[in-house]
Amino acid sequence: MARVIAVANQKGGVGKTTTAVNVASCLAEVGYKTLLVDLDPQGNATTGVGIDPRTLYSSMYQVLLGQKTIEETILETPMQRLFVVPSNLDLAGAEIELVSVFSRELRLRNAIAVVQNNYDYVIIDCPPSLGILTINGLAAAEEVVIPVQCEYYALEGLGQLLNNVKLIQQNLNKDLFVSSIVLVMFDARTRLAEQVVNEVRGHFPDQVRETVIPRSVRLSEAPSYGQPVNQYDSLSKGAIAYKALANEIAKQTIGFKNNGKGIYQ
């Protein structure tokens, strides 16, 4: 059965979609059959793997509203072993349309359960807010990966997100836990970035992954070509970093939580 991982952060512009797309692609590259679920109406994860949202016949919107099954919506990507449940701007309407729907928070969980045995990993790219879409993502996942930007306000948003994860644990998904905090957009030229790294590691020594993702021109360019960075430039610093991060995630042993803190050891 697949490990279901939500990549989440309530702040926008913190490398969340970049992390979801590139971790998924790097896992697929080393042999894991991987499903990328685009839960963001902006559809950036969809375009990031070479799918044009304007050409979709069905998307995550139809899946959440019960109009299509997830099996009918999954698309192959140009990368071997990487598949995507695409999204487009239609999904923005789901926030309103799901308000009166029974078990609206569990729509994604129920959809994924049908195909979970077909994959090694399911990576969910959550939108940068705590609305019904993100709640669906967290309710469907077993693990949360949190990208944290190496900038001044990093810990502020992180604390809010951890509180919300706790609420999801208490009310919707008791098995949910934070398996990884990933430091991204690291600029080695600034003292502030190093200070943020040390501070986050000090607060969350078990959760923070060893790999730090640097700021990279190639990481910024890759989405405009509809490619993950390991396909766009496999020797770039960003590609090497995300390969190392995917390797760390893959090596985490499933099934053991560290003293109830929810960390794979």
Side-chain angles (χ1 to χ4, degrees), residues 1-12 14 16-17 19-20 23-24 35-41 45 59-70 73 85 87 91-117 119 121-148 157-182 204 206-207 249 252 254-264:
M1 185 175 291
R3 285 171 62 184
V4 183
I5 302 172
V7 182
N9 194 318
Q10 290 162 230
K11 295 182 67 177
V14 296
K16 178 183 53 58
T17 297
T19 297
V23 167
L35 179 64
L36 176 63
V37 177
D38 190 350
L39 204 55
D40 190 338
S59 68
M60 180 50 65
Y61 171 76
Q62 281 85 7
V63 173
L64 290 180
L65 290 180
Q67 299 170 357
K68 294 277 187 179
T69 68
I70 198 168
T73 309
V85 182
S87 172
L91 188 57
E95 291 275 2
I96 298 170
E97 294 181 56
L98 286 172
V99 166
S100 59
V101 173
F102 180 73
S103 295
R104 59 186 178 273
E105 301 92 349
L106 304 178
R107 283 299 180 104
L108 182 60
R109 179 199 288 184
N110 295 335
I112 288 175
V114 177
V115 298
Q116 192 170 349
N117 288 333
Y119 297 90
Y121 288 88
V122 176
I123 308 294
I124 304 170
D125 181 35
C126 297
S129 63
L130 192 71
I132 192 65
L133 296 177
T134 297
I135 291 171
N136 261 270
L138 296 177
E142 299 160 337
E143 309 173 40
V144 186
V145 170
I146 305 175
V148 176
L158 181 56
Q160 293 172 351
L161 180 57
L162 292 175
N163 286 335
N164 289 326
V165 168
K166 188 174 182 179
L167 289 173
I168 299 293
Q169 287 173 328
Q170 293 170 345
N171 295 287
L172 289 171
N173 185 1
K174 63 181 177 60
D175 297 322
L176 182 68
F177 63 96
V178 177
S179 61
S180 298
I181 295 172
V182 182
F204 307 99
D206 298 318
Q207 289 99 326
I249 290 172
Q252 291 171 328
I254 298 175
F256 178 76
K257 296 183 182 181
N258 180 26
N259 298 324
K261 296 179 182 177
I263 308 303
Y264 281 143

query = What's the shortest heavy-atom distance between Val7 and Pro147, and which atoms?
reply = CG1-CG, 3.8 Å

query = If every non-hydrogen atom of Leu138 is compared with every non-hydrogen atom of Ala6, which pair is closest and at what distance?
reply = CD2-CB, 4.1 Å

inquiry  = Working to the nearest 0.5 angstrom, can you tell me the gap between Ile135 CD1 and Asn173 CG?
reply    = 12.5 Å

request  = Measure across Ala20 and Ile123 and return the closest heavy-atom pair with its distance rounded to 0.1 Å.
outcome  = O-CG2, 3.9 Å

Check: Gln62 side chain, Gln67 main-chain N or O, donor-acceptor pair, under 3.5 Å = no

inquiry  = I'd like to check the salt bridge (Lys or Arg N to Asp or Glu O under 4.0 Å) partners of Asp125; sequence neighbours left out, ordered by chain and number.
reply    = Lys16

query = Listed by chain and number, what are the side-chain hydrogen bond (donor to acceptor under 3.5 Å, both in side chains) partners of Thr69, not counting sequence neighbours?
reply = Glu72

message = Suppose we screen for side-chain contact (heavy atoms from CB on, under 4.5 Å). Which residues come up paired with Lys11, at least two apart in sequence or across chains?
response = Asn9, Val14, Tyr153

key: Separation between CD1 of Ile5 and CG of Leu36, rounded to the nearest 0.5 Å   = 11.5 Å

Name the atoms and distances for all side-chain donor-acceptor pairs under 3.5 Å in residues 159-168, with sequence neighbours left out.
unit_1, atom_1, unit_2, atom_2, d
Asn163, ND2, Gly159, O, 3.4
Asn164, ND2, Gln10, OE1, 2.5
Asn164, ND2, Gln160, O, 3.2

query = Roughly how far, to the nearest 0.5 Å, is the CG atom of Leu106 from the CG atom of Asn136?
reply = 7.5 Å

query = Excluding sequence neighbours, so at least two apart, what forms side-chain contact (heavy atoms from CB on, under 4.5 Å) with Val101?
reply = Leu98, Arg104, Arg107

inquiry  = Quick one: does any side-chain atom of Gln169 pair with a main-chain N or O of Leu176 as donor and acceptor, under 3.5 Å?
reply    = yes

request  = May I ask you to test the Ile249-Arg3 pair for a side-chain heavy-atom distance under 4.5 Å?
outcome  = yes

ask   = Between Leu64 and Leu108, which heavy-atom pair has the shortest distance, and what is it?
value = CD2-N, 3.9 Å

task = Please tell me if the side chains of Tyr121 and Val23 come closer than 4.5 Å, counting only heavy atoms from C-beta onward.
result = no

key: Closest non-hydrogen atom pair, Val122 against Ala2   = CG2-CB, 3.9 Å

inquiry  = If I compare all heavy atoms of Thr134 with all of Pro127, which pair ends up nearest, and what's the gap?
reply    = OG1-O, 3.2 Å

ask   = Is Asp38 close to Met60 at the side-chain level, that is, under 4.5 Å between some pair of heavy atoms?
value = no

message = Considering only residues two or more places apart or on different chains, which pairs with a residue in residues 93-102 satisfy salt bridge (charged side-chain N to carboxylate O under 4.0 Å, His left out)?
response = none

query = Quick one: CE on Met1 to OH on Tyr119, what's the gap to the nearest 0.5 Å?
reply = 14.5 Å

inquiry  = Taking Val85's backbone N and O only, do any of them form a donor-acceptor pair with Thr73's side chain (distance below 3.5 Å, no angle check)?
reply    = no

key: Sidechain-backbone polar pair: Ser87 side chain, Leu39 backbone, donor-acceptor under 3.5 Å   = no

request  = Let me see the working for Phe204 and Leu158 under side chain to side chain contact (heavy atoms under 4.5 Å, CB included), right down to the final yes or no.
outcome  = CA-CA 11 Å; Phe204 307 99; Leu158 181 56; 3.3 Å; yes

inquiry  = Rounded to the nearest 0.5 Å, what separates atom CG in Asp40 from atom CD1 in Ile124?
reply    = 13.0 Å

